[in-house]
Every structure is written in C-alpha cells, then in structure tokens.
Number of protein chains: 2
Amino acid sequence: MELIKNVNGLNEDAALDFYEKMFNALADKIRLKIMNEIGKSPNMNLCVCDLEEKLELQQSKLSYHLKKLVDANILIPEKHGTWNYYRINEEQIQVVLSEDTCCKIF
Amino acid sequence: MELIKNVNGLNEDAALDFYEKMFNALADKIRLKIMNEIGKSPNMNLCVCDLEEKLELQQSKLSYHLKKLVDANILIPEKHGTWNYYRINEEQIQVVLSEDTCCKIF
DNA sequence: ATAATTAATCAACTTTTTTTGATGAATTAA
DNA sequence: TTAATTCATCAAAAAAAGTTGATTAATTAT
C-alpha cells in the first residue's frame with residue numbers, strides 16, 4: 001500500500017512539505033477559530049477588525065495567524081479600501097480534508 | 001453555515017482541542033514518514049528498530065515522535081516481547097481525513 | 001548468571017513558534 | 001490639511017517543540 005502519492009505532480013518530498021504545511025496551518029486553536037468565524041459569516045469573508053472583535057484578539061496577533069493561513073493558501077486576502085478581507089480557499093481545504101470533516105470543522 | 005460541529009458529543013471547545021491535536025500530530029515530516037512506512041509495511045505495523053533503519057533516525061528521536069502519534073490516538077502500540085510495534089488507527093485518521101486524502105498521504 | 005538487544009524516559013540544550021508593543025504606510029473622514 | 005482608522009511588519013521577549021546523549025527497565029540469547 002503506497003501511502004504518499006503525488007499532490008498535483010509533486011514528488012514525494014514536496015508532497016510531504018505540502019501536507020506538513022497544510023496540517024501545521026490548521027494545528028492551532030486560534031487559526032481554527034478564524035476559519036470557523038469566516039465560515040459562519042454572511043458573506044463568507046471577514047476583515048481583520050471583524051475578527052478582532054469576534055475573537056477578542058489584538059490586531060498584530062491576528063495578522064500573524066492570518067499570514068500563516070494565507071501562506072498555506074488556505075485563506076485568500078482581498079483588499080477593499082482600507083479593509084483587508086479574508087475568505088476561505090475551499091479548493092485547497094478539500095485537497096486535505098473530506099467534505100464530512102470539512103463540514104464539522106469549517 | 002456552522003463549521004465546528006461536535007466530534008463524538010464533545011462541546012465546541014473540546015472539538016477545537018481535538019482537531020488542534022490531530023492536525024498537530026500530522027504536521028511534521030518525520031511523523032508523516034513514520035505513518036507512510038507503517039502503511040507500506042507488509043503487516044501494517046513496524047517496531048521502533050524497523051523505523052530506526054528505514055528512516056535512519058536515532059531511537060530516542062523516534063520514541064519522541066511515536067509518542068506524539070500515540071497521544072493523538074493515531075498510532076496504536078502493541079508490545080511483543082522486547083519489541084514495540086505500532087500500527088495505524090485508521091478509524092481515528094478517518095475522522096479527520098477523507099478516504100481520498102487518506103490514500104494520498106497514508 | 002551474564003551479556004546483548006529493544007525501547008521508554010529524562011534533563012540539558014537548541015530551534016522554532018508565538019506573543020507583545022511599537023512603528024509606519026495607506027486609506028478615509030472631518 | 002489634519003486627524004482617525006485599518007492593518008502589515010518589525011524586533012525583542014516568552015513559550016513551546018524538537019534534538020541529543022545518557023540512563024534505565026525489560027526481555028531475549030548465550
């Protein structure tokens with residue numbers, strides 16, 4: 001049983017890097033809460049100031065965690081004037097998680 | 001859209017802890033390689049000394065990472081004489097990963 | 001009984017990750 | 001133009017995770 005298969009034509013080592021990065025991005029309570037809040041939001045996106053309120057976290061801490069999720073291509077940033085909105089990259093999420101799991105977490 | 005649903009009747013906070021722990025256990029190249037090697041093995045289990053050889057890692061380092069996977073209930077340890085065998089807890093894995101993803105990683 | 005093998009655990013150390021408060025750039029409002 | 005808001009980035013500090021080599025216990029082989 002071969003376990004680690006290519007992810008979009010990556011070699012085995014790059015695939016390991018990919019999964020490590022994806023799991024790592026999701027392996028944090030704050031970041032899971034960010035995903036959860038965005039998923040719950042009416043437009044499926046939130047700006048930093050929304051999250052600041054909802055999660056009661058300071059801005060620089062939020063930026064740090066948002067960056068991690070963007071770097072893993074799990075969140076997509078969108079600038080609207082002074083506001084930076086973030087939405088979930090469902091395609092990327094679904095590479096790693098089942099729809100069922102996806103529904104439970106996000 | 002409610003994202004974080006109960007995992008086996010856990011409340012939301014406990015569910016977050018659960019996923020954080022699971023993703024964290026999987027968010028490491030060495031641990032992914034361990035899973036991969038066990039999945040490839042004929043009996044679907046390997047002892048520490050097998051892994052030592054296959055992954056060229058020192059014993060104490062392996063024990064450290066194996067413990068992380070056991071603590072997350074992703075690996076199940078089985079003692080046979082002096083040998084400690086580890087096998088994958090597929091049930092637990094499937095709580096978090098889709099069969100498709102599962103096939104690609106493990 | 002003695003020696004060798006297997007593997008968990010420990011403490012010291014190193015490395016990585018996260019937090020914190022401050023600064024500055026860009027945009028909007030007055 | 002000036003003041004206020006939004007948010008990324010930075011450096012320093014704190015916290016967490018991972019590594020290393022040694023010790024120990026249990027089992028197996030001689």
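The chains referred to below are lettered A, B, ... by the order of the sequence lines, with proteins before strands, and numbering in each begins at 1.
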Between atom CG in B/L66 and atom P in C/dA8, what is the gap in whole Å? 7 Å
Going by heavy atoms in the side chains, are A/E90 and A/M44 under 4.5 Å from each other? yes
Note, B/V96 side chain near B/F18 side chain (heavy atom, < 4.5 Å): yes
Hydrophobic cluster partners of A/W83 (side-chain heavy atoms under 4.5 Å): A/Y85
For A/W83 and B/C49, take the nucleotide of DNA chain C holding the closest heavy atom to each; which residue's nucleotide lies nearer the 5' end? B/C49
Determine whether A/I34 and A/L75 make a side-chain contact, defined as any pair of heavy atoms from C-beta on separated by less than 4.5 Å. yes
Just the rounded figure in Å: distance from P of C/dA7 to CD of B/E53. 11 Å
To the nearest Å, how far apart are A/Q59 CD and C/dG24 P? 15 Å
Might you list the N or O atoms of the protein lying below 3.5 Å from N or O atoms in nucleotides 18-20 of chain C, with each pair's distance?
unit_1: C/dT18; atom_1: OP1; unit_2: A/R31; atom_2: NH2; d: 3.4
unit_1: C/dT18; atom_1: OP2; unit_2: A/Y64; atom_2: OH; d: 2.7
unit_1: C/dT18; atom_1: OP2; unit_2: A/K68; atom_2: NZ; d: 2.9
unit_1: C/dT19; atom_1: OP2; unit_2: A/H65; atom_2: NE2; d: 2.5
unit_1: C/dT20; atom_1: OP2; unit_2: A/Q58; atom_2: OE1; d: 3.0
unit_1: C/dT20; atom_1: OP2; unit_2: A/K61; atom_2: NZ; d: 3.1

Residues 61-81 of chain B vs salt bridge (Lys or Arg N to Asp or Glu O under 4.0 Å), sequence neighbours excluded, gives B/K67-B/D71, B/E78-B/R87
Side chain to side chain donor-acceptor pair (under 3.5 Å): which pairs involve residues 42-60 of chain B, sequence neighbours left out? B/Q59-B/S63
Rounded to 10 degrees, the angle between the two terminal axes of the helix from C/dA1-D/dT30 to C/dA30-D/dT1, each from five pairs: 20°
Sorted by chain and residue number, the side chain to side chain contact (heavy atoms under 4.5 Å, CB included) partners of B/N89 (sequence neighbours excluded) come out as B/N73, B/I76, B/E91, B/Q92
Atom NE2 of B/H80 to atom P of C/dA7: distance rounded to whole Å? 12 Å
Walk me through whether B/Y86 and B/V48 qualify under side-chain contact (heavy atoms from CB on, under 4.5 Å). CA-CA 8 Å; B/Y86 291 86; B/V48 182; 3.8 Å; yes
Less than 4.5 Å apart, side chain to side chain, heavy atoms only: is that true for A/L16 and B/N36? no
Reading DNA chain D from 5' to 3', where do the contacts with chain B start and stop? Cut-off is 4.0 Å to heavy atoms. D/dA17 to D/dT28
Separation of B/L62 atom CG from C/dT9 atom P, in whole Å? 14 Å
Whole Å only: how far is the CG atom of A/N84 from the P atom of C/dA25? 17 Å
side-chain hydrogen bond (donor to acceptor under 3.5 Å, both in side chains) involving A/N24 - partner list, sequence neighbours excluded: none
Do A/L26 and A/R31 come close enough that some side-chain heavy atom pair is under 4.5 Å? no
Under 4.0 Å between any heavy atoms, over every strand shown, what does B/Y86 touch: base, sugar-phosphate, or nothing? Just pick one. sugar-phosphate
